[in-house]
Amino acid sequence: MGIKQLFSIIRDEAPQAIKEGEIKNQFGRKVAIDASMSIYSFLIAVRSGGEQLMNESGETTSHLLGMFYRTLRIVDNGIKPVYVFDGAPPKLKSGELAKRFARKAEATEGLEEAKETGTAEDVEKFSRRTVRVSRQHNAECQQLLKLMGIPYIIAPTEAEAQCAVLARAGKVYAAASEDMDTLCFDSPILIRHLTFSEARKEPIQEIHVDKVLEGLGMDRKQFVDLCILLGCDYLDPIPKVGPNTALKMIREHGSLEKVVEWINNEGKNKYTIPEDWPYADARELFFNPDVRPADHAECDFKWEQPDVEGLIKFLVVENAFSEERVRSGIAKLQKNLKSSQQARLEGFFKPIPKTEAEIKNLKRKNEEKAEEKRKKAKEEKKASKASKAKPKMNS
DNA sequence: CACGGCCA
DNA sequence: TGGCCGTGG
């Protein structure tokens, strides 16, 4: 899922595109978060004894707990999140792609089921693999966010694409996601690991798409083609094509059309394009996703006071959360909303006046910084090559 | 996953 | 102070 190995390519070929930092650096920023993806990871990770957390009626609460505490942490760091939910799965012209993938998903599920031998470990594995975000999970999280005063919007299709639209329009600073696909949808900035910088040791990464293209020496179309070649959500990968080959192919041939043509002729002894490989449709999904324009009313959002009684009723009464923890969480929401209003009043977020001279100065400084980074990165690359160190990197 | 409590 | 581990619902 997602684009495998894209991150390591960017790290190697366009290190200037990745800025690393801590969550404090994000203070005061608005970010768009792919809600459905977050919910999915909560359903998988928030467990006790291998089982999802539940309320007294036996209904899952893992997604609510994950979303509640993660959002609190984000807000507590002065970040203003807007959550974006998936709408319908993307419709392709033929609708074939979606169907094909639904079948494939069912098939793997069946396989897992067949393999299941009944040991506790297998059951747990199985239950994790068959996790799907349901309509109810989404609705409950939306209810929670509403009560928390945190805005959300529902995308026509893919949340990633909608996040990118918001970021491009400047309605948020960045799209926050673990999924590199967001870059294909042309979000200017992608923030990865937004939440787990303090908890784990890993830094927050900001990936700047313009720098990615610059470093790779590609235009956006070639970049998307590269991503498709690396294996996107919609298409099977081409056997024997890994990151190195994919990069080489796009660089040598310039486009997927040419790559396919080459494989079908000169390259046919080594590579085979999967039988059904509608790459043009996949590309179309990245270039013309079904999204709401940023100036649309549905893309208006604001942060509001939490509904204290509503939250107590929903989380404590209906879902067995600890009242004490919920109340202290609410206090954080109130405090941070107040302090961000205060900051605005005091002109903390006052836009920097951009006179000609200032812009020039800023540009010069950015150039210098970039140059310095490039130098440093080059040296680091040399050093790591010399020592043959293989940096570990997993998505 | 996120938190808090515990211990070195 | 920070790393580990149990608990949350």
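Protein chains get the first letters and strands the later ones, always in sequence-line order, with residue 1 at the start of each.
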In whole angstroms, the gap separating P of C/dG9 from CD1 of A/I312 amounts to 12 Å
In whole angstroms, the gap separating C1' of C/dG6 from CG of A/L53 amounts to 13 Å
### Query
Side-chain N or O of A/T195 less than 4.0 angstrom from OP1 or OP2 on B/dA2?
yes
Here the distance between atom P of C/dG8 and atom CG of A/L43, to the nearest Å, is 20 Å
Can the ring centroids of A/F286 and A/F223 be said to lie less than 6.0 angstrom from one another? no
Separation of C/dG9 atom P from A/Q52 atom CD, nearest Å, is 16 Å
Checklist entry - Hey, does A/R325 reach any base, or is it just sugar-phosphate, or nothing, if we go heavy atoms under 4.0 Å? => result sugar-phosphate
Whole-Å distance, A/N77 CG to B/dC3 P, equals 10 Å
All heavy atoms of A/I154 vs all of A/G87, minimum pair found to be CG2-CA, 4.5 Å
Exercise. Taking atom CD of A/E266 as the centre, does the number of heavy atoms from other residues, nucleotides or ligands within less than 6.0 Å exceed 12?
Worked result: yes
Report which part of the nucleic acid A/S62 touches: base, sugar-phosphate, or nothing (heavy-atom distance under 4.0 Å, all strands).
nothing
Discussion item. For A/R132, I'd like to know if atom CZ has over 12 heavy atoms of other residues, nucleotides or ligands within 6.0 Å.
Written reply: yes
Taking any heavy-atom pair under 4.0 Å as a contact, classify A/E56: base, sugar-phosphate, or nothing. nothing
Whole-Å distance, A/E51 CD to C/dT7 P, equals 16 Å
Rounded to whole Å, the CD-P distance (A/E318 to C/dG9) equals 15 Å
Taken to the nearest whole Å, CG/A/L144 to P/C/dG9 is 13 Å
